[in-house]
Protein chains: 2
Amino acid sequence: MKLTKGVEQAICIIVLLATQESSAPLASDEISRRLDVSPSYMKKITRKLVVQGIAMSVPGTNGGVSLAKPVEKITMLDLIEAMEGPIEMYPDSGLINRAFQDGQYAERGQNILRKVFAQGDNLLVEYFSKVTAADLLKEGFGVENLPTLNWNRETLSDVLNKEQDDKK
Amino acid sequence: MKLTKGVEQAICIIVLLATQESSAPLASDEISRRLDVSPSYMKKITRKLVVQGIAMSVPGTNGGVSLAKPVEKITMLDLIEAMEGPIEMYPDSGLINRAFQDGQYAERGQNILRKVFAQGDNLLVEYFSKVTAADLLKEGFGVENLPTLNWNRETLSDVLNKEQDDKK
DNA sequence: TTGTTTGTGGATATAATTTATCTATAATGG
DNA sequence: CCATTATAGATAAATTATATCCACAAACAA
């Protein structure tokens, strides 16, 4: 019942892309350095986000990955499904039919279980579809408008500290 | 996000024990034949149910496994936790702290995510703690009082067909 | 056009977890 | 004391998740 590490990685990527200067796509190789995985693996991951419609990518010089829609419209459900496919808890291996070879009652039990677990799935789908990346980022940074920077050059601390200095 | 096959196996075991003649514990070797796994493996599984307090076991001749409490008090949550431990979706690998080495914001983000996923956990815990084995069995057999039999000798169909014959 | 940068897709390796088995031992009852 | 059954530790097999490499395609710049 654990989500895969891929979901955690996807979340990190979204944070990077959401705070990336809007004009500049972020190269996946840069992300791979930050999350400490190989460039080729990071491309696999970002690809999943692209396929899901969360991110978009452009090849070529100064290309890279950027968000395909505003953070308000990116939900935790999107991220989970991008990495793992649809939420389906029931491990439907057909065991019940094999164990109770009596067709009628076995089939019936199978359906009851499918229904029970599908309801569990729905609880998660409804919940996670209401948690947006915007919610998390806003709560995390404690500000309405996200700081942006170019992750190729700067660190987040630089930007945030600079903002504090400006206020003084 | 799938439950393990073990949960499915546990469900089958509960069905067997719930319909087992109350006087007679069911030998795990008998269960293993039905679910088509080795006797030693089945003992591992039934042991988990015993540890969780769902089942009880007695060694020796005519020993075996039986339910430790009425089916009304056995919940799907009990079964899931018996097989998989507590429901915890968040794959907390510490990636966020590593990726955003800036302590303050990383720690904060980590906590936000823990909270978000813990709420998801709670939805499942609440839901599955309300689904009892009694509910499922009742719906599955369509009767209030479960048929009981000795699984060492009979099959479920035998008993159910016999009941229908009796009515005629 | 040619070379560089970046994403795509297939094959494959590594690691972690789940599933499963075997063996030795302990407990109970006949 | 013997047969039956559960318990517990070691280990094997299968599956899935994580990760890497490599050949290639798309964009762009010189």
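A, B, ... follow the sequence lines: proteins, then strands. Residue 1 opens every chain.
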Could you tell me which residues satisfy ring pair (Phe, Tyr, Trp, His ring centres under 6.0 Å) with Y127(B), sequence neighbours excluded, listed by chain and number? none
Would you mind classifying the nucleic acid contact of T46(B) as base, sugar-phosphate or nothing, using non-hydrogen atoms under 4.0 angstrom? nothing
Nearest-nucleotide comparison on DNA chain D, the residue closer to the 5′ end among T61(A) and K43(B): K43(B)
Rounded to the nearest 0.5 Å, how far apart are CD1 of I13(A) and CZ of R34(A)? 12.5 Å
Looking at T4(B), I'd like to know whether one of its side-chain N or O atoms comes within less than 4.0 Å of OP1 or OP2 on dT19(C). yes
Expected list for residues 81-95 of chain A near DNA chain D, using heavy atoms below 4.0 Å, is none
Each nucleotide N or O in nucleotides 10-14 of chain C that has a protein N or O under 3.5 Å away: list the pair and distance.
unit_1: dG10(C); atom_1: N7; unit_2: K44(A); atom_2: NZ; d: 3.0
unit_1: dG10(C); atom_1: O6; unit_2: K44(A); atom_2: NZ; d: 2.6

Give me, pair by pair, the N or O atoms of the protein and of nucleotides 12-15 of chain D that are less than 3.5 Å apart, along with how far apart they are.
none

Hey, quick one: are V50(A) and I31(A) part of the same hydrophobic cluster, counting side-chain heavy atoms closer than 4.5 Å, chains of contacts allowed? no
Separation of Y41(A) atom OH from dG9(C) atom P, in whole Å? 17 Å
Give me the residues of residues 50-59 of chain A where at least one heavy atom lies under 4.0 Å from an atom of DNA chain C, by number, or none. S57(A), V58(A), P59(A)
Whole angstrom is fine here: how far is it from CG in L17(B) over to C1' in dA6(D)? 14 Å
For atom NZ of K2(B), is the number of surrounding heavy atoms from other residues, nucleotides or ligands below 6.0 Å larger than 12? yes
Within this structure, what is the CG-to-C1' distance between L35(B) and dT21(C), rounded to whole angstrom? 16 Å
Between dA6(D) atom C1' and I31(B) atom CD1, what is the distance in whole Å? 12 Å
Measure from NZ on K48(B) to P on dA6(D) and round the result to the nearest Å. 17 Å
In residues 77-87 of chain A, what donor-acceptor pairs under 3.5 Å come from side-chain atoms, sequence neighbours left out?
unit_1: D78(A); atom_1: OD2; unit_2: T75(A); atom_2: N; d: 2.9
unit_1: D78(A); atom_1: OD2; unit_2: T75(A); atom_2: OG1; d: 3.2
unit_1: E84(A); atom_1: OE1; unit_2: M1(B); atom_2: N; d: 3.4
unit_1: E84(A); atom_1: OE2; unit_2: T4(A); atom_2: N; d: 2.6
unit_1: E84(A); atom_1: OE2; unit_2: T4(A); atom_2: OG1; d: 2.9

Under 4.0 Å between a Lys/Arg side-chain N and an Asp/Glu carboxylate O for K5(A) and E8(A)? no
Does a side-chain N or O from R47(A) land closer than 4.0 Å to OP1 or OP2 of dG9(C), or not? yes
State yes or no: do I96(B) and L35(A) share one hydrophobic cluster built from I, L, V, M, F, W and Y residues joined by side-chain heavy-atom distances below 4.5 Å, directly or via other members? yes
Can you work out whether K5(A) or N62(A) has the more 5'-proximal nearest nucleotide on DNA chain D? K5(A)
